[in-house]
Amino acid sequence: MITRTKYNPKEVEPKWQKRWEEEQLYHAPDNSPKPKFYHLVMFPYPSGDLHMGHWYNYSPFDAYGRFMRMQGYNVMQPIGFDAFGLPAENAAIKRGVQARTWTLANIDNMRKQLRMMGAGWDWEREVVTCLPDYYKWTEWLFLQFYKHGLAYRTKAPANWCPGCNTTLANEQVLPDGTCERCGSIVERREIDQWLLKITAYAEELLNFDEIDWPEKTITMQRNWIGRSEGAEIRFSAEIEGKREEIPVFTTRPDTIYGATFFVLAPEHPWVEKITTPEQRAAVEAYIDQARRMTEIERMSTEKEKTGVFTGGYVTNPVNGAQVPVWIADYVLMGYGAGAIMGVPAHDQRDFEFARKFNIPIIEVIRPTGEEPGNTDTWTEAHVVHDGIMVNSGTFNGTPTDEAIAKVTRYLEEQGVGKFMVTYRLRDWLISRQRYWGAPIPIVYCPEHGTVPVPEEQLPVWLPDNVQFKSTGESPLRYEPEFVNTTCPICGGPATREADTMDTFICSSWYFLRYADPHNSEQAWSMEEMTRWLPVDQYVGGAEHAVMHLLYARFFVKALRDMGYLNFNEPFKRLYHQGMVLGADGQKMSKSRGNVEAPDKYVDKYGTDTVRCYMMFIGPFDQGGSFKPDNLEGIWRFLNRFWSLVNDTWVPGRVSEEETPESRAIERLRHKTIQRVTEDLANFRFNTALAALMEANNAMIKQQHEPVARTAAYRRMLETMIQLLAPMAPHITEEMWHLTGHSNSIHTSEWPIYDEALAKDEIFTLVVQVNGKVRERIEVPATISESEVRALALTNPRVATFIGESTVQKVIYVPGRLINIVVRK
RNA sequence: GGGCGGUUGCUGAAAUUGGUAGACAGGACGGACUUAGGAUCCGUUGGUGAUGAACCAUGAGAGUUCGAGUCUCUCACCGCCCACCA
């Protein structure tokens with residue numbers, strides 16, 4: 001009688017978690033002879049709890065790291081916390097707790113939960129961005145950008161809530177342009193802010209040669225950077241008796257003869273100069289109205305075109321035409337020159353504008369072979385990429401494919417324009433009028449102006465206690481101890497910059513600090529960079545496709561040029577996980593009431609079951625619904641496997657004898673290793689688990705047969721334990737020891753397979769007639785084509801389908817099928 | 001409006017990348033064991049037909065092919081991202 005040990009995760013899991021930590025199993029040593037594998041997952045914001053999304057993300061991630069470790073890599077798999085940001089500040093405002101206290105308490109709780117997950121975190125390398133030993137270096141980095149001319153201060157628009165009397169982050173502005181807290185209409189206000197010159201790297205950021213990323217993410221970054229080639233063309237006007245030039249950017253310089261109006265963005269500095277006294281009132285009213293609108297409203301395509309005539313005119317440099325100057329909010333100050341030439345015949349937006357304000361429309365590009373059109377009857381702009389220039393003076397007849405270059409050359413010769421590349425990408429605004437962030441290490445001296453804090457004085461400490469007032473400025477401004485200081489140059493009284501940095505700055509370099517987390521002399525050493533960077537594989541949400549991932553790339557390139565790094569790209573390979581949805585297939589949200597916390601399921605089934613379930617939901621990048629019922633399937637599988645191994649490992653004779661059955665098991669072993677290895681390598685955790693379930697079912701079926709006492713059978717079980725280890729680390733560790741091993745399974749060597757041995761001795765030959773399956777025959781794998789033909793053609797069932805028809809063609813796919821093509 | 005991805009049983013999904021559609025699970029139904037089962041084990045489960053033969057079936061329609069879930073075109077839904085970028 002066999003006494004079965006029941007699988008009890010509550011006993012097994014904490015036991016191994018403790019042991020692993022004591023043995024520092026997951027610490028990646030700097031001095032390992034093994035090849036390094038830097039395996040990174042986007043660090044969490046310490047909101048207080050690990051939710052379903054974290055589990056869904058980290059379970060497969062960790063499984064992959066374990067898989068690589070078993071394959072002989074020195075896997076560095078760090079974790080930390082992106083700990084600055086608004087929620088802590090809100091907690092401080094609403095509940096009166098210190099942001100620091102709140103954040104650190106959350107981190108403590110999340111550390112516990114992260115440990116319970118049993119993932120192989122290298123806790124030695126933990127970074128917490130809100131602690132001085134980290135933000136000191138964030139500040140230091142800012143100084144390096146400043147020194148190299150990549151950080152500058154200028155007036156920039158901020159979202160301003162007149163109700164709360166404060167600036168808002170973009171996320172705090174609702175899609176309809178109102179404040180999420182008080183519902184007031186959010187305005188834009190110009191204030192002094194710091195920016196980083198990411199645009200200096202626009203061209204290099206468009207080069208993705210060194211990275212293996214999802215095509216989708218690359219496309220998004222490419223679109224975000226938005227490179228356009230075209231021309232800068234300078235129009236001119238008399239301003240106070242002097243001829244002054246004003247540039248526009250266009251991708252279609254060949255349409256310049258069709259420019260019947262000219263539009264300035266409402267914020268354009270020329271508006272002031274060109275507006276006539278009669279129009280001043282109308283123009284000012286329009287500007288005022290535009291300011292009240294948020295970016296989002298302004299950018300809505302649905303909106304009808306609006307604008308006001310300034311009363312002024314500019315001269316078209318190619319034909320001397322006097323063109324009326326308007327202002328309109330569809331022209332954006334942040335793009336190109338902030339001014340456009342309006343060519344209504346060939347641009348839909350200009351067309352709509354011209355129609356609304358009765359501006360003439362002149363056709364200057366005509367599709368090849370078409371008759372002259374009457375623009376009065378047009379209902380939309382004719383955007384022509386393949387035609388000839390008309391109504392364009394000496395250029396008439398020039399085909400479009402030559403026209404752009406030809407006109408550009410002419411403009412250059414005349415000294416009124418030039419070839420130009422423009423990017424949509426704007427410089428990165430990093431000032432936040434907030435308390436809970438890394439201080440910007442700048443001092444303003446009445447004598448010496450903007451002075452960087454000397455490096456040896458870093459960090460600029462962030463006080464623990466601040467007063468929150470709703471003035472729209474950083475709370476730090478009202479902390480005399482913080483703000484009042486002395487000028488580093490003259491020692492006279494001076495004030496500190498009170499704004500803090502965007503938290504995206506903190507997350508743009510954390511992966512560098514992981515490699516050298518305890519360095520108190522430097523942000524990192526070149527030695528550790530050479531050892532660990534770049535990141536070999538990065539896993540995180542697709543929502544960071546643009547901002548975070550672009551900023552991190554910019555940081556690496558800029559720091560490389562400053563001499564602090566010796567590589568070009570931070571993340572060699574990138575993988576995006578999907579999103580876990582509620583059981584109803586909807587995004588989990590409190591308002592839908594479909595939020596599930598993982599904790600109770602971990603408590604009921606254990607970590608391994610929840611981990612495996614997360615991987616079994618479906619393809620990792622696709623996401624899926626969390627359905628508690630389905631946990632049962634994994635739970636049963638783990639229990640059945642546990643019982644099988646326990647039942648098999650009883651004292652008794654084990655036979656080395658080879659039988660057809662034992663050979664079949666050995667074949668299954670190689671096949672299973674192959675499937676699991678290939679699946680894990682390609683992030684297909686769901687099918688890797690399915691392969692193990694199939695193997696488990698096959699083994700259970702035979703557990704009372706004589707073959708169960710062969711060495712091959714036991715070897716198969718041992719292999720299965722190893723193959724499952726990355727996904728279910730605790731139960732497999734327990735079984736590994738039960739089956740007589742003393743090392744950790746997670747440092748054991750990944751089983752290898754022999755493809756030849758994985759091949760079946762027999763296979764099911766499918767016989768088709770005209771592409772339809774008519775018969776299945778078991779045949780030996782070594783069968784020859786002529787044997788297959790003979791077998792198929794003489795098969796009685798097949799013969800009835802061939803009947804009187806003549807065989808035209810026979811297609812044979814070795815190991816699969818034979819298709820007999822017949823015609824009556 | 002633009003870009004990308006998706007649509008396969010009751011449900012999550014799989015399909016050797018052009019070669020047996022529905023692996024592996026969940027659920028449901030039936031059975032065994034049991035005082036009991038929300039434990040465990042066994043069986044059935046795409047549709048029409050009768051349990052056989054056969055036919056139909058991967059969002060819809062066409063095409064290429066000996067052969068299409070997979071490739072091409074048209075259309076319809078769904079999701080995500082971007083969106084007046086000159």
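First the proteins, then the strands, lettered A, B, ... as listed; each starts at 1.
Among the heavy atoms of the strands lying under 4.0 Å from A/S228 are primed sugar atoms or P, OP1, OP2 only; no base atom is included. Contacts of A/D350 with the nucleic acid, taken as non-hydrogen atoms under 4.0 Å apart, are absent. Within 4.0 Å (heavy atoms only), A/R222 reaches no atom of the nucleic acid at all. Among the atoms of the strands shown, base atoms are found under 4.0 Å from some heavy atom of A/V766. Within the nucleic acid shown, A/R774 comes within 4.0 Å of sugar-phosphate atoms alone, with no base atom in reach, counting heavy atoms only. Residue A/N639 is out of contact with every strand shown, counting any heavy-atom pair closer than 4.0 Å. Within the nucleic acid shown, A/L817 comes within 4.0 Å of at least one base atom, counting heavy atoms only. A/F351 comes within 4.0 angstrom of no nucleic acid atom, judged by non-hydrogen atoms across all strands. Using a 4.0 Å heavy-atom criterion, one finds that A/N819 contacts the bases of the nucleic acid, with or without backbone contacts as well. Nucleic acid contact for A/Q768: base, since at least one base atom lies under 4.0 Å from a heavy atom of the residue.
Counting atom types as modelled, A/R816 pairs a side-chain N or O with a base atom of B/U16 as donor and acceptor under 3.5 Å. Remark: the A/K305 side chain and the B/C84 base include a donor-acceptor N/O pair separated by less than 3.5 Å.
When the P atom is compared between B/G26 and B/U44, the two are found 15 Å apart, to the nearest whole Å. A gap of 25 Å separates the P atoms of B/U7 and B/G67, to the nearest Å. Here the separation of B/A21 from B/U74, taken at their C1' atoms, is 25 Å to the nearest Å. Separation of the P atoms belonging to B/G9 and B/G47 is 12 Å when rounded to the nearest angstrom. Rounded to whole Å, the P atom of B/A68 lies 11 Å from the corresponding atom of B/U20. Of the C1' atoms belonging to B/A28 and B/U16, the separation is 32 Å, rounded to the nearest Å. A distance of about 26 Å separates the C1' atoms of B/G12 and B/C81, rounded to the whole Å. Using atom C1' as the reference point in both B/G19 and B/C29, the two lie 35 Å apart (nearest Å).
Atom NZ of A/K356 has more than 12 heavy atoms from other residues, nucleotides or ligands within 6.0 Å.
Under the 3.5 Å distance criterion, with hydrogens and angles disregarded, no donor-acceptor pair is assigned to the side chains of A/Y286 and A/T310. With no hydrogens or angles considered, no side-chain donor-acceptor pair links A/E352 and A/Y330 at under 3.5 Å.
Nucleotide B/G38 forms a pair with no other nucleotide shown, judged by Watson-Crick or G-U wobble geometry with both contacts under 3.5 Å. Using the Watson-Crick or G-U wobble rule with both distances under 3.5 Å, B/G18 pairs with nothing in any strand shown. When both distances must be under 3.5 Å, the Watson-Crick or G-U wobble mate of B/C10 is B/G26. If you check B/C71 for Watson-Crick or wobble pairing at under 3.5 angstrom, you find it paired to B/G63. Partner assigned to B/C80 is B/G3, using Watson-Crick or G-U wobble distances below 3.5 angstrom. Across all strands shown, B/U58 forms no Watson-Crick or G-U wobble pair with both key distances under 3.5 Å.
Comparing A/N770 and A/K587 by the nucleotide of RNA chain B that holds the closest heavy atom to each, the one mapping nearer the 5' end is A/N770. Ranked by how close their nearest RNA chain B nucleotide is to the 5' end, A/I617 and A/A542 are led by A/I617.
Comparing B/G26, B/A54, B/A86 against the side chain of A/R636 picks out B/G26 as the nearest. Listed candidates were B/A86, B/G27, B/A53. Nearest to the side chain of A/R797 is B/A53. Set against B/G3, B/U20, B/A23, the side chain of A/V773 has B/U20 as its closest nucleotide. Side chain of A/K216, nearest nucleotide from B/C24, B/C4, B/G26: B/C4. Here B/G27 is the nucleotide among B/C82, B/G27, B/A54 with the atom lying nearest to any side-chain atom of A/D629. In the set B/C85, B/G19, B/A14, the nucleotide with an atom closest to the side chain of A/T687 is B/A14. Residue A/Y330 places its side chain closer to B/C84 than to any other of B/U20, B/C24, B/C84. For A/M220, the side-chain atoms get nearest to B/C81 when compared with the rest of B/A83, B/C81, B/A86. Closest approach to the A/T251 side chain among B/A86, B/A83, B/C24 is made by B/A86 (side chain taken as heavy atoms from C-beta onward).
For A/F261 and A/F353, the ring centers are positioned less than 6.0 Å apart. For A/Y613 and A/F637, the ring centers sit 6.0 Å or farther from each other. Taking the six-membered ring wherever Trp is involved, the centroid distance between the rings of A/F262 and A/W326 does not fall below 6.0 Å.
In this structure, the CG atom of A/D647 is 15 Å from the P atom of B/U40, given to the nearest Å. One atom, NZ of A/K772, and another, P of B/U65, lie 19 Å apart when rounded to the nearest Å. Look at CD on A/E694: it is 11 Å from P on B/A15, rounded to the nearest Å. Residue A/R227 contributes atom CZ, which lies 20 Å from atom C1' of B/C82 at whole-angstrom precision. Rounded to an integer number of Å, the gap from CD of A/Q622 to C1' of B/G12 is 10 Å. Atom pair A/Y605:OH and B/A25:C1' shows a separation of 14 Å (rounding to whole Å applied). Between the NE2 atom of A/H576 and the P atom of B/G5 there is a distance of 13 Å, given to the nearest Å. Rounded to an integer number of Å, the gap from A/D679 CG to B/A15 P is 8 Å.
For B/G47, the base is anti relative to its sugar; the glycosidic angle deviates from 0 by more than 90°. Against the 90° criterion about 0, the sugar-base torsion of B/U20 places it in the anti range. With a glycosidic angle further than 90° from 0, B/G27 counts as anti.
Remark: the backbone N or O of A/L765 is not paired with any side-chain donor or acceptor of A/R816 at under 3.5 angstrom. No donor-acceptor pair closer than 3.5 Å links the side chain of A/E232 to the backbone N or O of A/K418.
When the options A/V767, A/T800, A/I777 are evaluated for a side chain to side chain contact (heavy atoms under 4.5 Å, CB included) with A/N795, the one that passes is A/I777.
OP1 or OP2 of B/C66 has at least one side-chain nitrogen or oxygen of A/K809 nearer than 4.0 Å. Residue A/R675 places no side-chain N or O under 4.0 Å from the OP1 or OP2 atom of B/U16. OP1 or OP2 of B/A25 has not a single side-chain nitrogen or oxygen of A/N686 nearer than 4.0 Å.
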Given salt bridge (Lys or Arg N to Asp or Glu O under 4.0 Å), test A/K10 with A/D603 step by step and report yes or no.
CA-CA 8 Å; A/K10 282 208 168 125; A/D603 189 56; 3.6 Å; yes
